[in-house]
A.B. asks: 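The structure is given below, and queries will be raised subsequently.
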Amino acid sequence: MKTVYIPKGETVHYESLVTDHLVVHGHLHVTYGIKAKSINGKGVINAGTVEADTVCVDDVEAASVICKRLLAKRVQSPEVFASESAAVSCFLSAAYVETGKLTVAISEIDVVEAQEVVNLPPRKRSLLGTLLASVLRSFWTALTVQDKKQEVMDAEFTPVQEEQTENPQEEISVEQTAAVVEMATEEQETAKDEEPVDEELNRIIGLFKLSREQGYTLKLIPGTPEENAPVFDFAAERIIRPAA
């Protein structure tokens with residue numbers, strides 16, 4: 001089937017449609033998908049997927065549109081892939097659009113990946129007028145923006161001031177920091193010069209003071225601890241302590 005023609009005022013249903021040329025002036029409803037080399041007309045297309053080199057109709061509603069060039073008045077599709085260009089004169093609703101150049105008037109798009117995006121003011125235009133306005137807008141933008149330095153417009157900003165080489169507050173803070181470091185160093189050196197604390201001596205002094213307060217006297221006995229250790233007499237069942 002080389003050409004399929006849908007006349008104005010008629011509604012045609014297909015499960016799937018494959019043709020070379022599709023002309024839609026009425027209403028075409030395809031359950032699954034449309035594959036054609038070119039699609040044009042002033043009608044309405046509802047399909048699962050639309051695949052063609054060129055799509056030029058008034059209304060397209062599909063789950064996915066894949067083409068080289070898209071030109072329409074109204075497009076509603078979650079995904080639009082137009083390798084060269086996509087121009088929608090009235091309204092474009094899509095979750096993801098990927099194209100070379102996108103021209104829209106009113107749109108509702110979540111993600112756009114395009115080399116150039118032209119936003120036209122909402123106005124009554126034909127499809128040919130939309131293409132002409134897109135070309136003029138691109139040409140005017142290239143002339144006015146080419147050699148100008150890009151700046152942030154309508155944004156409050158404060159120029160960054162150069163830091164002064166001489167700052168009295170910074171000098172004072174540096175001097176104070178040096179003094180603190182010097183004091184800490186002196187304290188560390190003083191602590192190093194002091195003799196280490198003898199814990200055994202402190203323990204003996206503490207025992208001596210405690211014994212004296214309780215009415216006892218400490219006595220030093222010569223010899224090793226083994227010689228001064230008491231011996232238990234099993235026959236007499238008593239402890240024999242060494243003589244003082």
Side-chain angles (χ1 to χ4, degrees), residues 1-6 8 11-142 145:
M1 189 178 295
K2 294 184 178 180
T3 303
V4 175
Y5 178 76
I6 310 297
K8 183 179 180 180
T11 301
V12 180
H13 295 267
Y14 289 97
E15 286 190 0
S16 61
L17 179 60
V18 179
T19 183
D20 290 340
H21 305 286
L22 177 61
V23 181
V24 181
H25 291 298
H27 186 184
L28 175 62
H29 182 86
V30 181
T31 305
Y32 297 109
I34 300 174
K35 289 186 178 181
K37 290 183 178 179
S38 64
I39 301 173
N40 55 68
K42 297 182 179 180
V44 180
I45 295 177
N46 295 95
T49 59
V50 176
E51 298 182 20
D53 291 340
T54 303
V55 179
C56 180
V57 292
D58 283 0
D59 291 86
V60 177
E61 184 175 349
S64 178
V65 178
I66 303 172
C67 61
K68 289 184 178 179
R69 294 170 295 275
L70 172 64
L71 179 60
K73 290 183 178 180
R74 290 164 292 272
V75 176
Q76 296 186 38
S77 176
E79 297 178 339
V80 176
F81 300 92
S83 59
E84 294 183 6
S85 63
V88 181
S89 61
C90 293
F91 177 71
L92 171 61
S93 175
Y96 178 81
V97 176
E98 183 174 351
T99 183
K101 179 181 179 181
L102 176 63
T103 303
V104 292
I106 300 176
S107 61
E108 184 178 315
I109 307 172
D110 293 338
V111 179
V112 176
E113 289 191 8
Q115 297 178 359
E116 182 182 0
V117 178
V118 178
N119 291 287
L120 300 177
R123 190 178 302 172
K124 185 178 180 180
R125 298 185 184 88
S126 63
L127 298 181
L128 182 59
T130 301
L131 290 179
L132 181 60
S134 175
V135 173
L136 294 177
R137 178 62 62 89
S138 299
F139 180 72
W140 176 255
T141 303
V145 184

A.B. asks: Let me confirm one number: the CD-CD distance from Glu108 to Gln76, rounded to the nearest 0.5 Å.
C.D. replies: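 That separation rounds to 9.0 Å.
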A.B. asks: For Asp110 versus Ala95, what's the shortest heavy-atom pair and its separation?
C.D. replies: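 The pair with the smallest heavy-atom distance is CB-O, 3.1 Å.
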A.B. asks: For Val24 versus Val44, what's the shortest heavy-atom pair and its separation?
C.D. replies: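 Smallest interatomic distance, heavy atoms only, reads CG1-O, 3.8 Å.
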A.B. asks: Does a donor on one side chain sit under 3.5 Å from an acceptor on the other, for His27 and Asn46?
C.D. replies: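 On atom types as modelled, these side chains qualify, holding a pair under 3.5 Å.
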A.B. asks: Please round to the nearest 0.5 Å and tell me the distance separating atom OG1 of Thr19 and atom NZ of Lys35.
C.D. replies: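 One gets 13.5 Å once the value is rounded to the nearest 0.5 Å.
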A.B. asks: Per the ring-ring contact (aromatic ring centres under 6.0 Å, His included) rule, what does the pair list look like for residues 50-79, sequence neighbours excluded?
C.D. replies: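 Found none.
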A.B. asks: Name the one of Lys68, Glu98, Arg69 that satisfies side chain to side chain contact (heavy atoms under 4.5 Å, CB included) with Ser83?
C.D. replies: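 The single option meeting the side chain to side chain contact (heavy atoms under 4.5 Å, CB included) with Ser83 is Lys68.
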A.B. asks: Rounded to the nearest 0.5 Å, what's the gap from CG on Asp53 to NZ on Lys37? Could you check?
C.D. replies: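 Between atom CG of Asp53 and atom NZ of Lys37 there are 8.0 Å.
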A.B. asks: Which atom names give the shortest non-hydrogen contact between Val55 and Cys67, and what distance separates them?
C.D. replies: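 Taking every non-hydrogen atom into account, CG2-CB, 4.0 Å.
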A.B. asks: Would Arg74 and Asp59 satisfy salt bridge (charged side-chain N to carboxylate O under 4.0 Å, His left out), going step by step from the backbone distance to the final call?
C.D. replies: CA-CA 5 Å; Arg74 290 164 292 272; Asp59 291 86; 2.5 Å; yes
A.B. asks: To the closest 0.5 Å, what do you measure between CD1 (Ile39) and CG (Leu71)?
C.D. replies: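 These two atoms lie 13.0 Å from each other.
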A.B. asks: Quick check on side chain to side chain contact (heavy atoms under 4.5 Å, CB included): which of Ile109, Val88, Val80 does Leu102 satisfy it with?
C.D. replies: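 Going through the options one by one, the only one that passes is Ile109.
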A.B. asks: Find the distance between OG (Ser85) and CG (Leu70) and round it off to the nearest 0.5 Å.
C.D. replies: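 Spacing of OG (Ser85) from CG (Leu70) equals 8.0 Å.
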A.B. asks: Distance check, rounded to the nearest 0.5 Å: Glu84 atom CD versus Lys101 atom NZ?
C.D. replies: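 Rounded to the nearest 0.5 Å, the CD-NZ separation comes out at 12.5 Å.
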A.B. asks: Of all heavy-atom pairs between Gly43 and Val57, which one has the smallest distance, and what is that distance?
C.D. replies: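 In terms of heavy atoms, the two residues are closest at O-CB, 4.4 Å.
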A.B. asks: Side-chain contact test, heavy atoms from C-beta onward, threshold under 4.5 Å: evaluate it for Leu28 versus Leu22 and give yes or no.
C.D. replies: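 Sidechains of Leu22 and Leu28: in contact.
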A.B. asks: Test side-chain contact (heavy atoms from CB on, under 4.5 Å) on Asn40 and Val23 and set out the steps.
C.D. replies: CA-CA 5 Å; Asn40 55 68; Val23 181; 3.7 Å; yes
A.B. asks: What is the minimum heavy-atom distance between Leu17 and Val30, and which atoms define it?
C.D. replies: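 In this case the closest contact between Leu17 and Val30 is N-CG1, 4.1 Å.
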A.B. asks: Are more than 12 heavy atoms, taken from residues, nucleotides or ligands other than Tyr32, located less than 6.0 Å from that residue's OH atom?
C.D. replies: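 Open.
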A.B. asks: Taking the inter-plane angle between the rings of Tyr96 and Phe81 on a 0 to 90° scale, is it parallel (under 30°), tilted (30 to 60°) or perpendicular (over 60°)?
C.D. replies: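 Plane angle between 30° and 60°, so tilted.
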A.B. asks: At their closest point, which heavy atom of Ser89 faces which heavy atom of Ala105, and how far apart are they?
C.D. replies: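 For Ser89 and Ala105, the tightest heavy-atom pair comes out as O-CB, 3.2 Å.
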A.B. asks: Mark yes or no for whether Ser77, through its side chain, and Ala62, through its backbone, hold a donor-acceptor pair below 3.5 Å.
C.D. replies: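 Yes, because the side chain of Ser77 sits within donor-acceptor range (under 3.5 Å) of the backbone of Ala62.
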